[in-house]
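These values consider heavy atoms only, across backbone and side chains, with no hydrogens, waters or symmetry-generated copies. In this text the structure is predicted, and so the values were computed from the model without any measurement. Chain identifiers are assigned alphabetically (A, B, ...) following the order of the sequence lines, protein sequences preceding nucleic acid strands; residue numbering begins at 1 within each chain.
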2 protein chains.
Amino acid sequence: MVRPTQKKQIPNLQQAIKDVAWKHIAKHGAPALSLRAIARELKITAPAIYNYFPNRDALVTALIIDAYTSFGDSQLAARDAAPPEDLTGRMNAIGLAYRQWALKYPQRYQLIFGTPIPGYHAPLMEVLPSAARSLSALVSVIEQLRLAGKLNVKSFPKVQAEYKGGFEMWKKYGGEADILSLTVAMLIWARVHGIVSLEIAGNLPPLGTSGDDLYLYEMKSLNQQFIKE
Amino acid sequence: MVRPTQKKQIPNLQQAIKDVAWKHIAKHGAPALSLRAIARELKITAPAIYNYFPNRDALVTALIIDAYTSFGDSQLAARDAAPPEDLTGRMNAIGLAYRQWALKYPQRYQLIFGTPIPGYHAPLMEVLPSAARSLSALVSVIEQLRLAGKLNVKSFPKVQAEYKGGFEMWKKYGGEADILSLTVAMLIWARVHGIVSLEIAGNLPPLGTSGDDLYLYEMKSLNQQFIKE
DNA sequence: CCTTATAACTAAACGCCGTATATTTATTAA
DNA sequence: TTAATAAATATACGGCGTTTAGTTATAAGG
(Lines give C-alpha, C1' and ligand atoms only; values in the text may rest on other atoms or scores of the structure.)
Protein backbone atom coordinates (compact mmCIF):
# COMPACT_ATOMS: atom_id res chain seq x y z
CA MET A 1 0.00 0.00 0.00
CA VAL A 2 2.59 2.46 1.07
CA ARG A 3 6.08 3.79 0.82
CA PRO A 4 7.83 4.32 4.13
CA THR A 5 10.19 7.22 4.45
CA GLN A 6 13.54 6.92 6.07
CA LYS A 7 14.44 6.44 9.69
CA LYS A 8 17.57 5.16 11.25
CA GLN A 9 19.96 5.22 14.11
CA ILE A 10 22.23 7.26 11.91
CA PRO A 11 20.07 10.05 10.57
CA ASN A 12 21.75 10.67 7.22
CA LEU A 13 23.54 7.45 6.45
CA GLN A 14 24.32 8.39 2.87
CA GLN A 15 26.28 11.40 4.06
CA ALA A 16 27.80 9.45 6.96
CA ILE A 17 29.17 6.88 4.52
CA LYS A 18 30.85 9.61 2.51
CA ASP A 19 32.20 11.24 5.65
CA VAL A 20 33.80 8.02 6.84
CA ALA A 21 35.10 7.37 3.34
CA TRP A 22 36.83 10.75 3.33
CA LYS A 23 38.25 10.06 6.76
CA HIS A 24 39.72 6.78 5.55
CA ILE A 25 41.02 8.33 2.35
CA ALA A 26 42.70 11.11 4.31
CA LYS A 27 44.27 8.61 6.66
CA HIS A 28 45.20 5.70 4.43
CA GLY A 29 44.89 7.02 0.90
CA ALA A 30 42.29 6.51 -1.75
CA PRO A 31 43.40 3.05 -2.85
CA ALA A 32 42.77 1.70 0.64
CA LEU A 33 39.12 2.63 0.45
CA SER A 34 37.02 -0.33 1.52
CA LEU A 35 33.27 -0.66 1.82
CA ARG A 36 33.67 -3.23 4.55
CA ALA A 37 35.93 -0.95 6.56
CA ILE A 38 33.42 1.87 6.22
CA ALA A 39 30.65 -0.43 7.34
CA ARG A 40 32.68 -1.60 10.33
CA GLU A 41 33.24 1.94 11.48
CA LEU A 42 29.55 2.77 11.10
CA LYS A 43 28.59 -0.47 12.85
CA ILE A 44 26.49 -1.63 9.98
CA THR A 45 27.02 -4.53 7.61
CA ALA A 46 28.72 -4.01 4.28
CA PRO A 47 25.70 -4.81 2.08
CA ALA A 48 23.75 -2.04 3.84
CA ILE A 49 25.85 0.44 1.93
CA TYR A 50 24.24 -0.86 -1.24
CA ASN A 51 21.03 0.83 -0.23
CA TYR A 52 22.75 4.15 -0.77
CA PHE A 53 25.28 3.40 -3.51
CA PRO A 54 24.79 0.69 -6.11
CA ASN A 55 28.45 -0.28 -5.88
CA ARG A 56 31.84 0.94 -4.82
CA ASP A 57 32.46 2.85 -8.02
CA ALA A 58 29.30 4.87 -7.49
CA LEU A 59 30.56 5.87 -4.06
CA VAL A 60 33.89 6.87 -5.56
CA THR A 61 32.11 8.92 -8.20
CA ALA A 62 30.13 10.71 -5.51
CA LEU A 63 33.35 11.41 -3.63
CA ILE A 64 34.99 12.76 -6.77
CA ILE A 65 32.08 15.07 -7.44
CA ASP A 66 32.27 16.34 -3.86
CA ALA A 67 36.01 16.86 -4.25
CA TYR A 68 35.53 18.78 -7.47
CA THR A 69 32.93 20.90 -5.75
CA SER A 70 35.24 21.64 -2.82
CA PHE A 71 38.02 22.44 -5.26
CA GLY A 72 35.77 24.61 -7.39
CA ASP A 73 34.51 26.49 -4.34
CA SER A 74 38.10 27.27 -3.40
CA GLN A 75 38.88 28.44 -6.93
CA LEU A 76 35.82 30.66 -7.22
CA ALA A 77 36.33 32.09 -3.75
CA ALA A 78 39.92 32.97 -4.60
CA ARG A 79 38.84 34.69 -7.79
CA ASP A 80 36.11 36.68 -6.11
CA ALA A 81 38.37 37.79 -3.29
CA ALA A 82 40.16 40.08 -5.72
CA PRO A 83 38.35 43.03 -7.25
CA PRO A 84 36.72 42.26 -10.60
CA GLU A 85 38.77 44.82 -12.49
CA ASP A 86 42.10 43.45 -11.21
CA LEU A 87 42.30 40.56 -13.66
CA THR A 88 45.95 39.73 -13.06
CA GLY A 89 45.29 39.83 -9.33
CA ARG A 90 42.49 37.34 -9.86
CA MET A 91 44.74 35.15 -11.96
CA ASN A 92 47.35 35.05 -9.23
CA ALA A 93 44.80 34.37 -6.53
CA ILE A 94 43.44 31.45 -8.51
CA GLY A 95 46.92 30.07 -9.08
CA LEU A 96 47.88 30.25 -5.44
CA ALA A 97 44.59 28.74 -4.33
CA TYR A 98 45.15 25.84 -6.73
CA ARG A 99 48.33 24.72 -5.05
CA GLN A 100 47.10 25.48 -1.57
CA TRP A 101 44.03 23.35 -2.01
CA ALA A 102 46.12 20.54 -3.45
CA LEU A 103 48.59 20.64 -0.58
CA LYS A 104 45.78 20.77 1.94
CA TYR A 105 43.93 17.83 0.41
CA PRO A 106 46.55 15.79 -1.45
CA GLN A 107 44.42 12.66 -1.35
CA ARG A 108 41.48 14.50 -2.87
CA TYR A 109 43.72 15.93 -5.54
CA GLN A 110 44.98 12.49 -6.47
CA LEU A 111 41.48 11.12 -6.35
CA ILE A 112 40.41 13.68 -8.94
CA PHE A 113 43.40 13.91 -11.23
CA GLY A 114 45.19 10.64 -10.65
CA THR A 115 43.90 7.13 -11.11
CA PRO A 116 44.19 5.77 -7.60
CA ILE A 117 41.25 3.39 -7.53
CA PRO A 118 41.86 -0.05 -9.03
CA GLY A 119 39.70 -0.58 -12.05
CA TYR A 120 37.80 2.64 -11.58
CA HIS A 121 37.17 5.04 -14.41
CA ALA A 122 35.17 8.16 -13.77
CA PRO A 123 31.93 8.34 -15.77
CA LEU A 124 32.49 11.51 -17.75
CA MET A 125 28.88 12.59 -18.00
CA GLU A 126 28.38 12.51 -14.24
CA VAL A 127 31.62 14.14 -13.28
CA LEU A 128 31.97 16.76 -15.98
CA PRO A 129 29.60 19.41 -14.58
CA SER A 130 31.48 19.75 -11.30
CA ALA A 131 34.81 19.34 -13.07
CA ALA A 132 34.09 22.07 -15.58
CA ARG A 133 32.79 24.33 -12.85
CA SER A 134 36.02 23.90 -10.89
CA LEU A 135 37.96 25.27 -13.84
CA SER A 136 35.45 27.96 -14.68
CA ALA A 137 37.14 30.46 -12.37
CA LEU A 138 40.31 30.33 -14.42
CA VAL A 139 38.43 30.25 -17.70
CA SER A 140 36.33 33.27 -16.83
CA VAL A 141 39.31 35.41 -15.95
CA ILE A 142 41.13 34.46 -19.12
CA GLU A 143 38.04 35.16 -21.17
CA GLN A 144 37.81 38.60 -19.62
CA LEU A 145 41.46 39.20 -20.35
CA ARG A 146 40.80 38.23 -23.93
CA LEU A 147 37.81 40.56 -24.19
CA ALA A 148 39.93 43.34 -22.71
CA GLY A 149 42.55 42.70 -25.38
CA LYS A 150 45.12 41.75 -22.78
CA LEU A 151 45.65 38.18 -23.86
CA ASN A 152 49.00 37.73 -25.54
CA VAL A 153 48.53 34.83 -27.91
CA LYS A 154 50.19 35.95 -31.11
CA SER A 155 51.92 32.71 -31.90
CA PHE A 156 49.27 30.45 -30.44
CA PRO A 157 48.75 27.25 -32.39
CA LYS A 158 45.80 27.35 -34.68
CA VAL A 159 42.87 25.42 -33.31
CA GLN A 160 41.78 22.67 -35.63
CA ALA A 161 38.28 21.63 -36.46
CA GLU A 162 38.42 18.14 -35.01
CA TYR A 163 39.53 19.57 -31.73
CA LYS A 164 36.77 22.10 -31.26
CA GLY A 165 34.12 19.50 -30.58
CA GLY A 166 35.88 18.26 -27.47
CA PHE A 167 35.29 21.56 -25.77
CA GLU A 168 31.55 21.76 -26.28
CA MET A 169 30.74 20.00 -23.03
CA TRP A 170 33.24 22.13 -21.20
CA LYS A 171 31.59 25.27 -22.47
CA LYS A 172 28.19 24.01 -21.47
CA TYR A 173 29.13 23.64 -17.83
CA GLY A 174 32.18 25.84 -17.47
CA GLY A 175 30.67 28.98 -18.84
CA GLU A 176 30.58 30.35 -22.33
CA ALA A 177 34.04 31.35 -23.48
CA ASP A 178 35.97 31.60 -26.66
CA ILE A 179 37.80 28.46 -27.62
CA LEU A 180 41.02 30.42 -27.50
CA SER A 181 40.44 31.20 -23.85
CA LEU A 182 39.61 27.58 -23.16
CA THR A 183 42.82 26.47 -24.80
CA VAL A 184 44.94 28.97 -22.90
CA ALA A 185 43.25 27.89 -19.67
CA MET A 186 44.06 24.31 -20.49
CA LEU A 187 47.71 25.15 -21.02
CA ILE A 188 47.91 27.08 -17.78
CA TRP A 189 46.17 24.28 -16.00
CA ALA A 190 48.66 21.78 -17.39
CA ARG A 191 51.55 23.85 -16.06
CA VAL A 192 50.33 24.19 -12.52
CA HIS A 193 49.17 20.59 -12.50
CA GLY A 194 52.65 19.51 -13.58
CA ILE A 195 54.34 21.04 -10.59
CA VAL A 196 51.63 20.25 -8.09
CA SER A 197 51.18 16.63 -9.10
CA LEU A 198 54.90 15.92 -8.97
CA GLU A 199 55.14 17.67 -5.64
CA ILE A 200 52.23 15.77 -4.11
CA ALA A 201 53.35 12.42 -5.44
CA GLY A 202 56.74 12.99 -3.84
CA ASN A 203 58.54 12.80 -7.16
CA LEU A 204 60.39 16.02 -6.59
CA PRO A 205 63.27 16.33 -4.15
CA PRO A 206 62.15 17.92 -0.89
CA LEU A 207 61.84 21.57 -1.76
CA GLY A 208 61.20 23.15 1.62
CA THR A 209 60.23 26.77 1.29
CA SER A 210 61.74 26.78 -2.18
CA GLY A 211 58.63 24.97 -3.33
CA ASP A 212 56.76 28.22 -2.92
CA ASP A 213 59.41 30.16 -4.82
CA LEU A 214 59.42 27.78 -7.75
CA TYR A 215 55.66 27.83 -7.97
CA LEU A 216 55.62 31.62 -7.86
CA TYR A 217 58.27 31.65 -10.55
CA GLU A 218 56.07 29.58 -12.81
CA MET A 219 53.11 31.82 -12.12
CA LYS A 220 55.23 34.80 -13.08
CA SER A 221 56.28 33.00 -16.25
CA LEU A 222 52.63 32.51 -17.12
CA ASN A 223 51.88 36.17 -16.50
CA GLN A 224 54.73 37.32 -18.67
CA GLN A 225 53.92 34.95 -21.45
CA PHE A 226 50.18 35.33 -21.70
CA ILE A 227 49.24 38.75 -20.33
CA LYS A 228 50.00 42.03 -22.06
CA GLU A 229 51.22 45.16 -20.21
CA MET B 1 76.09 -30.57 1.68
CA VAL B 2 74.89 -28.94 -1.39
CA ARG B 3 73.17 -26.06 -2.98
CA PRO B 4 71.16 -26.98 -6.05
CA THR B 5 71.00 -24.49 -8.87
CA GLN B 6 67.89 -23.75 -10.78
CA LYS B 7 65.95 -25.95 -13.09
CA LYS B 8 62.43 -25.77 -14.30
CA GLN B 9 60.07 -26.03 -17.16
CA ILE B 10 60.20 -22.29 -17.59
CA PRO B 11 63.86 -21.44 -17.93
CA ASN B 12 63.92 -17.92 -16.51
CA LEU B 13 60.86 -17.74 -14.37
CA GLN B 14 61.82 -14.44 -12.76
CA GLN B 15 61.84 -12.76 -16.14
CA ALA B 16 58.76 -14.65 -17.27
CA ILE B 17 56.84 -13.31 -14.27
CA LYS B 18 57.79 -9.76 -15.19
CA ASP B 19 56.90 -10.35 -18.82
CA VAL B 20 53.44 -11.60 -17.96
CA ALA B 21 53.03 -8.73 -15.48
CA TRP B 22 53.77 -6.22 -18.22
CA LYS B 23 51.35 -7.98 -20.52
CA HIS B 24 48.61 -7.73 -17.93
CA ILE B 25 49.44 -4.12 -17.14
CA ALA B 26 49.33 -3.21 -20.81
CA LYS B 27 46.00 -4.94 -21.23
CA HIS B 28 44.15 -4.17 -18.01
CA GLY B 29 46.14 -1.40 -16.36
CA ALA B 30 48.50 -1.40 -13.45
CA PRO B 31 45.88 -1.53 -10.71
CA ALA B 32 44.59 -4.84 -12.03
CA LEU B 33 47.96 -6.49 -11.47
CA SER B 34 47.43 -9.75 -9.64
CA LEU B 35 49.94 -12.35 -8.54
CA ARG B 36 47.34 -15.06 -8.84
CA ALA B 37 46.49 -14.05 -12.38
CA ILE B 38 50.16 -14.08 -13.31
CA ALA B 39 50.52 -17.51 -11.76
CA ARG B 40 47.48 -18.80 -13.63
CA GLU B 41 48.90 -17.69 -16.94
CA LEU B 42 52.26 -19.28 -16.17
CA LYS B 43 50.53 -22.44 -14.93
CA ILE B 44 52.18 -22.30 -11.57
CA THR B 45 50.68 -21.66 -8.16
CA ALA B 46 50.64 -18.18 -6.71
CA PRO B 47 53.02 -18.86 -3.81
CA ALA B 48 55.66 -20.00 -6.30
CA ILE B 49 56.14 -16.37 -7.23
CA TYR B 50 57.40 -15.77 -3.73
CA ASN B 51 60.55 -17.67 -4.65
CA TYR B 52 61.42 -14.79 -6.95
CA PHE B 53 59.84 -11.77 -5.30
CA PRO B 54 59.29 -11.50 -1.56
CA ASN B 55 55.91 -9.89 -2.14
CA ARG B 56 53.82 -8.05 -4.67
CA ASP B 57 55.38 -4.69 -3.90
CA ALA B 58 58.83 -6.04 -4.71
CA LEU B 59 57.55 -7.15 -8.09
CA VAL B 60 56.07 -3.72 -8.68
CA THR B 61 59.36 -2.11 -7.73
CA ALA B 62 61.19 -4.31 -10.20
CA LEU B 63 58.68 -3.34 -12.89
CA ILE B 64 59.11 0.34 -12.09
CA ILE B 65 62.86 0.06 -12.36
CA ASP B 66 62.49 -1.65 -15.72
CA ALA B 67 60.10 1.07 -16.85
CA TYR B 68 62.50 3.80 -15.78
CA THR B 69 65.27 2.04 -17.66
CA SER B 70 63.17 1.80 -20.80
CA PHE B 71 62.20 5.44 -20.44
CA GLY B 72 65.80 6.48 -19.79
CA ASP B 73 67.03 4.53 -22.80
CA SER B 74 64.55 6.40 -24.96
CA GLN B 75 65.61 9.75 -23.53
CA LEU B 76 69.32 9.10 -23.96
CA ALA B 77 68.86 7.73 -27.46
CA ALA B 78 66.93 10.84 -28.45
CA ARG B 79 69.63 13.08 -27.07
CA ASP B 80 72.42 11.23 -28.80
CA ALA B 81 70.61 11.19 -32.13
CA ALA B 82 71.30 14.91 -32.48
CA PRO B 83 74.85 16.18 -32.89
CA PRO B 84 76.53 17.09 -29.60
CA GLU B 85 77.04 20.72 -30.55
CA ASP B 86 73.38 21.24 -31.44
CA LEU B 87 72.15 21.70 -27.89
CA THR B 88 68.76 23.12 -28.77
CA GLY B 89 68.28 20.27 -31.22
CA ARG B 90 69.06 17.83 -28.43
CA MET B 91 66.60 19.60 -26.14
CA ASN B 92 63.85 19.31 -28.69
CA ALA B 93 64.61 15.68 -29.40
CA ILE B 94 64.42 14.87 -25.70
CA GLY B 95 61.14 16.72 -25.34
CA LEU B 96 59.53 14.95 -28.26
CA ALA B 97 60.80 11.58 -27.11
CA TYR B 98 59.32 12.22 -23.68
CA ARG B 99 55.78 12.49 -24.98
CA GLN B 100 56.20 9.77 -27.54
CA TRP B 101 57.35 7.28 -24.97
CA ALA B 102 54.49 8.25 -22.68
CA LEU B 103 51.89 7.84 -25.43
CA LYS B 104 53.42 4.55 -26.49
CA TYR B 105 53.46 3.14 -22.96
CA PRO B 106 50.78 5.03 -21.04
CA GLN B 107 50.47 2.31 -18.42
CA ARG B 108 54.21 2.39 -17.78
CA TYR B 109 54.11 6.15 -17.51
CA GLN B 110 51.36 5.98 -14.92
CA LEU B 111 53.14 3.20 -13.11
CA ILE B 112 56.18 5.44 -12.73
CA PHE B 113 54.70 8.84 -12.14
CA GLY B 114 51.24 8.06 -10.88
CA THR B 115 50.20 6.07 -7.84
CA PRO B 116 48.25 3.28 -9.46
CA ILE B 117 49.00 0.44 -7.07
CA PRO B 118 46.89 0.28 -3.92
CA GLY B 119 49.02 0.83 -0.88
CA TYR B 120 52.26 0.79 -2.81
CA HIS B 121 54.95 3.37 -2.27
CA ALA B 122 58.16 3.09 -4.23
CA PRO B 123 61.24 2.58 -2.08
CA LEU B 124 63.27 5.64 -2.98
CA MET B 125 66.70 4.12 -2.52
CA GLU B 126 66.00 1.28 -4.92
CA VAL B 127 64.27 3.28 -7.58
CA LEU B 128 66.31 6.46 -7.56
CA PRO B 129 69.29 5.28 -9.63
CA SER B 130 67.18 4.37 -12.64
CA ALA B 131 64.92 7.36 -12.07
CA ALA B 132 67.79 9.83 -11.97
CA ARG B 133 69.37 8.23 -15.01
CA SER B 134 66.16 8.65 -16.96
CA LEU B 135 66.31 12.40 -16.38
CA SER B 136 70.05 12.64 -16.90
CA ALA B 137 69.63 13.23 -20.62
CA LEU B 138 67.74 16.44 -20.00
CA VAL B 139 70.01 17.47 -17.15
CA SER B 140 73.16 16.97 -19.17
CA VAL B 141 71.95 19.14 -22.04
CA ILE B 142 70.89 21.92 -19.71
CA GLU B 143 74.18 21.74 -17.90
CA GLN B 144 75.99 22.12 -21.20
CA LEU B 145 73.79 25.06 -22.10
CA ARG B 146 74.70 26.61 -18.78
CA LEU B 147 78.41 26.03 -19.34
CA ALA B 148 78.08 27.58 -22.79
CA GLY B 149 76.45 30.63 -21.24
CA LYS B 150 73.24 29.99 -23.12
CA LEU B 151 71.00 29.44 -20.13
CA ASN B 152 68.66 32.35 -19.59
CA VAL B 153 67.92 32.36 -15.87
CA LYS B 154 68.21 35.97 -14.85
CA SER B 155 65.22 36.08 -12.58
CA PHE B 156 65.45 32.50 -11.41
CA PRO B 157 64.46 32.02 -7.77
CA LYS B 158 67.39 31.81 -5.45
CA VAL B 159 68.04 28.29 -4.29
CA GLN B 160 67.85 27.97 -0.56
CA ALA B 161 70.12 25.98 1.68
CA GLU B 162 67.52 23.51 2.93
CA TYR B 163 66.65 22.64 -0.60
CA LYS B 164 70.13 21.84 -1.84
CA GLY B 165 70.37 18.62 0.14
CA GLY B 166 67.44 17.08 -1.70
CA PHE B 167 69.38 17.07 -4.92
CA GLU B 168 72.47 15.26 -3.67
CA MET B 169 71.14 11.82 -4.54
CA TRP B 170 70.02 13.05 -7.91
CA LYS B 171 73.48 14.33 -8.66
CA LYS B 172 75.02 11.07 -7.58
CA TYR B 173 73.08 9.03 -10.11
CA GLY B 174 72.01 11.62 -12.65
CA GLY B 175 75.40 13.02 -13.40
CA GLU B 176 77.23 15.90 -11.85
CA ALA B 177 75.56 19.18 -12.67
CA ASP B 178 75.15 22.58 -11.15
CA ILE B 179 72.14 22.89 -8.91
CA LEU B 180 70.85 25.62 -11.18
CA SER B 181 70.75 23.19 -14.08
CA LEU B 182 69.02 20.61 -11.93
CA THR B 183 66.40 23.13 -10.93
CA VAL B 184 65.76 24.24 -14.50
CA ALA B 185 65.51 20.61 -15.54
CA MET B 186 62.98 20.03 -12.81
CA LEU B 187 60.88 22.94 -14.01
CA ILE B 188 60.99 21.76 -17.59
CA TRP B 189 60.14 18.27 -16.49
CA ALA B 190 57.14 19.58 -14.54
CA ARG B 191 55.84 21.35 -17.64
CA VAL B 192 56.00 18.42 -19.99
CA HIS B 193 54.72 16.12 -17.28
CA GLY B 194 51.75 18.42 -16.78
CA ILE B 195 50.56 18.12 -20.33
CA VAL B 196 51.44 14.49 -20.80
CA SER B 197 49.89 13.27 -17.57
CA LEU B 198 46.63 15.10 -18.21
CA GLU B 199 46.60 13.79 -21.75
CA ILE B 200 47.23 10.19 -20.75
CA ALA B 201 44.75 10.25 -17.89
CA GLY B 202 42.10 11.45 -20.32
CA ASN B 203 41.54 14.67 -18.39
CA LEU B 204 41.90 16.83 -21.46
CA PRO B 205 39.26 17.05 -24.14
CA PRO B 206 40.16 14.94 -27.15
CA LEU B 207 42.81 16.97 -28.88
CA GLY B 208 43.33 15.06 -32.11
CA THR B 209 46.30 16.31 -34.02
CA SER B 210 46.12 19.54 -32.04
CA GLY B 211 47.70 17.63 -29.19
CA ASP B 212 50.93 17.69 -31.11
CA ASP B 213 50.62 21.41 -31.81
CA LEU B 214 49.99 22.30 -28.20
CA TYR B 215 52.91 20.23 -27.04
CA LEU B 216 55.17 21.82 -29.62
CA TYR B 217 53.93 25.21 -28.50
CA GLU B 218 54.98 24.45 -24.95
CA MET B 219 58.36 23.23 -26.12
CA LYS B 220 58.80 26.47 -28.00
CA SER B 221 57.81 28.40 -24.89
CA LEU B 222 60.50 26.57 -22.96
CA ASN B 223 63.06 27.35 -25.62
CA GLN B 224 62.21 31.03 -25.67
CA GLN B 225 62.16 31.32 -21.92
CA PHE B 226 65.29 29.42 -20.98
CA ILE B 227 67.66 29.48 -23.94
CA LYS B 228 69.53 32.54 -25.13
CA GLU B 229 69.98 33.44 -28.83
C1' DC C 1 75.68 -45.30 -6.48
C1' DC C 2 73.42 -43.58 -2.89
C1' DT C 3 72.54 -40.51 0.63
C1' DT C 4 71.39 -35.91 2.01
C1' DA C 5 70.81 -30.98 1.92
C1' DT C 6 68.14 -27.73 -0.19
C1' DA C 7 65.93 -24.86 -3.89
C1' DA C 8 61.61 -24.78 -5.98
C1' DC C 9 57.50 -26.11 -6.13
C1' DT C 10 52.31 -27.49 -4.52
C1' DA C 11 48.35 -27.83 -1.19
C1' DA C 12 45.75 -25.82 2.00
C1' DA C 13 44.32 -22.26 4.75
C1' DC C 14 43.61 -17.29 6.73
C1' DG C 15 41.65 -12.99 6.56
C1' DC C 16 40.73 -9.52 3.62
C1' DC C 17 37.81 -7.63 -0.38
C1' DG C 18 33.30 -6.41 -3.50
C1' DT C 19 29.00 -8.06 -4.24
C1' DA C 20 24.61 -11.08 -4.95
C1' DT C 21 20.74 -13.34 -2.81
C1' DA C 22 17.54 -14.32 0.59
C1' DT C 23 15.57 -13.09 4.76
C1' DT C 24 14.23 -10.36 8.61
C1' DT C 25 12.80 -6.01 10.80
C1' DA C 26 10.66 -1.71 11.25
C1' DT C 27 7.81 1.76 9.53
C1' DT C 28 3.68 3.73 7.72
C1' DA C 29 -0.44 4.47 4.97
C1' DA C 30 -4.90 2.39 4.16
C1' DT D 1 -4.96 -4.15 12.28
C1' DT D 2 -3.09 -5.17 8.14
C1' DA D 3 -0.45 -5.00 4.04
C1' DA D 4 3.26 -2.94 1.54
C1' DT D 5 7.85 -1.83 1.44
C1' DA D 6 12.33 0.44 2.67
C1' DA D 7 16.33 -0.79 5.08
C1' DA D 8 18.79 -3.62 7.43
C1' DT D 9 21.09 -8.42 8.36
C1' DA D 10 22.78 -13.20 7.36
C1' DT D 11 25.00 -15.91 4.39
C1' DA D 12 27.64 -17.11 0.63
C1' DC D 13 30.73 -16.86 -3.62
C1' DG D 14 34.87 -16.03 -5.85
C1' DG D 15 38.69 -13.07 -5.93
C1' DC D 16 42.92 -11.25 -3.68
C1' DG D 17 47.90 -11.30 -1.08
C1' DT D 18 50.20 -14.01 1.90
C1' DT D 19 51.66 -17.81 5.36
C1' DT D 20 52.62 -22.40 6.58
C1' DA D 21 53.54 -27.05 5.88
C1' DG D 22 54.69 -30.57 3.01
C1' DT D 23 56.51 -32.52 -1.49
C1' DT D 24 59.70 -33.10 -5.33
C1' DA D 25 63.70 -32.67 -8.03
C1' DT D 26 68.46 -31.69 -8.23
C1' DA D 27 73.25 -32.08 -7.35
C1' DA D 28 77.25 -32.46 -4.43
C1' DG D 29 79.77 -35.66 -0.91
C1' DG D 30 80.99 -39.98 0.59
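- Between A:Gln14 atom CD and D:dA8 atom P there is a gap of 11 Å when expressed in whole angstrom units.
- When the C1' atom of D:dC16 is taken as reference, atom NE2 of B:His24 falls 15 Å away, rounded to whole Å.
- Between A:Arg40 and C:dG15 there is no side-chain N or O to OP1 or OP2 distance below 4.0 Å.
- Counting to the nearest Å, the P atom of D:dC16 and the NE2 atom of B:His28 are 12 Å from each other.
- Regarding contacts with the backbone of D:dA8, a side-chain N or O of A:Asn51 is found under 4.0 angstrom from either OP1 or OP2.
- Atom CG of B:Asp57 is separated from atom C1' of D:dC16 by 14 Å (rounded to the nearest Å).
- Listed nucleotides: D:dA7, D:dT11, D:dG17. Nearest to the side chain of B:Ser34: D:dG17.
- Judged purely by distance below 3.5 Å, without hydrogens or angles, the side chains of B:His24 and B:Ser34 never pair a donor atom with an acceptor atom.
- Closest approach to the B:Tyr50 side chain among D:dG15, D:dA7, D:dT19 is made by D:dT19 (side chain taken as heavy atoms from C-beta onward).
- Atom CG of A:Leu35 is separated from atom C1' of D:dG15 by 15 Å (rounded to the nearest Å).
- In this structure, the side-chain contact (heavy atoms from CB on, under 4.5 Å) partners of A:Leu216, at least two apart in sequence or on a different chain, are A:Leu96.
- The side chain of B:Ala37 sits closest to D:dC16 out of D:dC16, D:dG17, C:dC9.
- B:Asp80 has a carboxylate O that lies under 4.0 Å from a charged side-chain N of B:Arg90, or vice versa, which qualifies the two as a salt bridge.
- Separating the CG atom of B:Leu13 from the C1' atom of C:dA8 is a distance of 9 Å, rounded to the nearest angstrom.
- Whole-Å rounding puts the B:Leu42 CG to C:dC9 C1' distance at 14 Å.
- In the set C:dA20, D:dA8, D:dT18, the nucleotide with an atom closest to the side chain of B:Arg56 is D:dT18.
- Using a 4.0 Å heavy-atom distance criterion, B:Leu33 is classed as a sugar-phosphate-only contact.
- Each of A:Thr45 and A:Arg36 lies near DNA chain D, and the nucleotide nearest A:Thr45 is the one positioned closer to the 5' end.
- The separation between A:Ile44 atom CD1 and D:dA10 atom C1' is 15 Å, rounded to whole Å.
- Applying the ring pair (Phe, Tyr, Trp, His ring centres under 6.0 Å) rule to B:Trp101 yields the partners B:Phe71, B:Tyr105; only residues at least two apart in sequence or on another chain are considered.
- Just one of B:Ile49, B:Asn51, B:Ile44 meets the side-chain contact (heavy atoms from CB on, under 4.5 Å) condition when paired with B:Leu13; it is B:Ile44.
- Among the nucleotides C:dA8, D:dT20, C:dT21, the one closest to any side-chain atom of B:Pro47 is D:dT20.
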